[in-house]
Amino acid sequence: MRKLFLLSLAALALSASAQGSYTADFNTAVDTSDPAFRAAPGWRHLVHTGAYSSQIVTYTYVTDNGVDGSGCIQAGAQSYFDWWEDAEVPLYDLLITPAVGGTVTLQVMKANSSDNCFVEFYKVTKTDGNWVRGEQITYEDPGLLSIDYTEVELTGIEEGTYIGIRANNVYIDDFTATSANVELERALTITQVIPAITEQNIDCDENNQFEIKATVKVKNTGEVDLTAGGEGYNLQIALMGPNDAGAYVVERVLSTQAIETDLAVGAESDEIVLTALVDESSIEPVAGNDTKARRYDVVEGVTHTTKPIHNYTPVPYAPIASLYDGMSELTTGSELDLGATGTEVTKTVTLYNDGAAPLQLTALTVEGEGFSTEATVTTIAKHEHMDITIKLASSTPGAKTGTLTIQGEGIDDIAVNLKGEVVDPNKWFVNFEDGQMPNNMINLGNWQVSNKLVTGINKYYATNDNADPTMLISPKMEVAEGDNMSFAAARNYGDVSKLEVYYSTDRKNWTLVRTLDINAENEADQLTSDYTGTAWGSNTKYNFTRFTIDNIPAGEVYVAFAAGNARIDDIVGYKLAQVEHDAFVTSATIPTVAMVNNPINVVATLRNMTENVEAADSYTARFYLNGEVVAETEATELASNGENTYQFTAMAHQTGTFEAYVEFAGDNFNATSPIYMMTITEELATAEIQVGDVKVTDQRKNAPLELYNNKSESETIYPSSLLNLSPGTKITRIAFRGKGTSNKDITANVQVWLENTEDATPQNVLLDAEKIAAMTQVYNGSYAFSIKTETSEVLVVELAEPFVYTGQNLRVCAHSESSGWATTYFEQDNTVTGQSIYRASDTSLPATFTACNLPVMYLTVSNEPVQMSGRVTDQQGNGIADATITLTARAIEPVEPIDGAPRRIINNNVTYTATTDADGNYTMQVFQAGLQYDVVVEAEGYETATDVVDFAAGNLDKDFVLTSTTTGINDVNAEVLDENAPIYDIMGRRLTGKPSQGIYIQNGRKYIAR
Ligand SMILES: [Ca+2]
Ligand SMILES: [Ca+2]
């Protein structure tokens, strides 16, 4: 590329004269940091390096160490050390002189006092633009000194010989030759290009031309001053294109501008503004590209180097129209769905002019029944846009279609199909456009109204993003014969997405009428996977599709949408039934297991589905167990569309499994929870005991589980001496406490076994399937561990059936498998040794177990109840058979009367009963020994006796003497002996007051209230 300028020595009086007097004195400083530096004007350089750029000969320009203290060049070593080869490798880096002839001299001085200082000379030729070292030129060694310059002389050099100087650890100065032909290079470098337009698109003017403009600086990087008018002293703007090798080269010069100012060697110009006016039509796309995006460069005319300006795409002088609904382009034939409306609906689309010329619209029309627009024809300036709002009026119900047509000068017509539905005002219609869940719909969990995935229909929709389907229940509908309902549904991102449609007459028993699924076999039942815009995980805007339900029988029904990870919108159909009062139990927490004489806590929420307030006490709030009301709570005012929470406390006195539910009943509505099955177990007096002392809290390799590993097992024998439990004690709960190095949750499959055993130490029973099978498995399933940095219960097993301890030693085995892990330090007792073994691994469990500390165990156990016993006799001391002794605790307050009078008496106190044997003896187990009890003793033919007892002294012996009566009912309406004495019902249950009617007992007498 470089153009060498052959200097005419006659014409240009440079420093060297032609014959016998060329001298390079190196008195002008040169920058030796460039390995290819030139020692003097007209000189060249054959650079020789090793494998690395650092393996070069280093040169230094020295200002004062030349001949007579002048400037000179200092050369370093012509070799480098190769560590791989463990050898010094020579270099042949040559400073090349101009073409010379005759006698040549060079002043040389050693740079150090070693023997390794020399200078060599080679003939150099230029082949294919590259310098090539030829034969060495020998000379008579004058003997180099390190204290002064010695002249080295070459004689008989053929005219026109380029000499390469290989200088090694020497200073050189004052090169002379009899004749020389000095070639000085002209060079220009573009140092700055600032494009006027940095956008890709560049607009054309009315003549369809576009202007490229750049502000440029250049620098004279040659050996000759450059002057205005000199050959090639100009700058060009060029269209660039790839050559066959893919490199960008000048394809066409678009403009040429001479450089007006002179530039001395090394000087940089001021800013020069370049322009080129280009016909858009003259630009062709690069092959394989359908746009006219092309690269444009600045080219300097001296050495023809280039520098990019920018890539530009000319925008023709014409209107370019495009219509968008949000991010979606609407082209001719596209459908624009305005959705369903009960009132008036509008939709705004945007018409863009992306051309460089104004867009003059000639027609903008909306056709079709109900559709209209107020937008009119106008001119849209280049790169501007206009909004077009389309309205669908609510005049006549039904499906509507129409057309939006846009015409303009120089553009193709755009005709978009309009679609919408005007809803019959008599029909139920929900579009969620207020962003709220309608008050008359029941959300059974996880549904929400959102506008995150705004799609073609309208802004808000209802979605359940959870994969588990939950119901969204409609208000009561009137379905006429042949009636149908339609709605829009869309999938969400994920592997599971479905929507089920049900109907029910009571919101309890539901009938499935349609299932929509992304994987439905029938295409008509598929939630489409088509989407608008770009697929973007959970932000993917899957399209809505309209579905119709036509198989719900005529009548008054509720409709439920059970969506799992799906959306619905624009529900239209049927007719809202007129409902004055309606309430729904939206949640109920009812335990499935409870214990005799222990509180049963129930919570339920009731929602008022109408705007009518339900007054306090206008309804009842009751908890039913086995068909009986066992708890009642205050019926508070239920606000318009409000939701109240009710708490019930009941107590059961009979074991078994019973139906349990909550009912809210009034004249206006009746709402019940689902029916749960509740198992009432026998009473157990409980105690918590700790087995082992907490001695170690920072060791990992331990029982019961080593959760640091994916798999672990352990076996521990707790000796009876450590347990201190009576035989027959029932274990109801086992817990192990511990902590971790960080809060971490992991889930594992866990198994836990218990066994009464005579074994004193672990016996590797986990290696013996038969022995494990003989143990009682108390846990087998997934376990969610939540390890905390503070000590807490890590592993807890609630025993569905109590484990009965026999008084022997207790074997506890545990096993865990998980894909997760968590550092876990279980509480350990290292003072009890030889009682525990474990094994753990992330892969296969080791074949053998390792001894470890005893894990501290916390047991919840039942204690022996206290006993009350004695004899019931007549006044003659004869035992009375079949007498009943009833204890009723005074600890738990009875239900408070509402409005001064209890509407229902509910026995929610702890009670124990016993019956005497043939000899009048009785015995009774009392688990809750800390309470005080009213005692009622009844026997047929005897007056009822009462007393108050407690068990502060433990077991109680208590005899009763009853007085004989002649009739079962005594002194009806007689004067009450003690008006404040406790009142009981005929079953011996304590009442809060006299019942309004029926039999009651006070002061040992029966009364009838009427
Ligand atoms: Ca000099
Ligand atoms: Ca909507």
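When a ligand or atom number is given, it counts from 1 through the structure's own listing order.
Not less than 6.0 angstrom separates the ring centroid of Tyr122 from the ring centroid of Trp131. Here Phe561 and Trp447 keep their ring centres 6.0 angstrom or further from each other.
Using a cut-off of 3.0 Å, one finds that Asn431 contributes an N/O/S atom close to the Ca ion (ligand 2). Look at Ser70 and the Ca ion (ligand 1): an N/O/S atom of the residue is under 3.0 Å from the metal. Taking backbone and side-chain atoms together, Phe26 has no N/O/S atom less than 3.0 Å away from the Ca ion (ligand 1). One of the N, O or S atoms belonging to Asp173 lies under 3.0 Å away from the Ca ion (ligand 1). Residue contacts to the Ca ion (ligand 2): Asp569 brings an N, O or S atom closer than 3.0 Å. When distances to the Ca ion (ligand 1) are checked against a cut-off of 3.0 Å, Asp25 contributes an N, O or S atom below that limit.
In summary, of the residues considered (Asp525, Thr548, Asn551), a side chain to side chain donor-acceptor pair (under 3.5 Å) with Arg514 occurs for Asp525 alone.
Here the N, O or S atom of Glu433 that is nearest to the Ca ion (ligand 2) is OE2.
At least one side-chain heavy atom of Arg607 sits less than 4.5 Å from a side-chain heavy atom of Met609. Looking at heavy atoms from C-beta onward, Thr511 lies out of side-chain contact with Val557 at the 4.5 angstrom threshold.
Judged by a 6.0 Å distance limit and a 45° cone about the ring axis, Arg166 is positioned over the six-membered ring of Tyr92.
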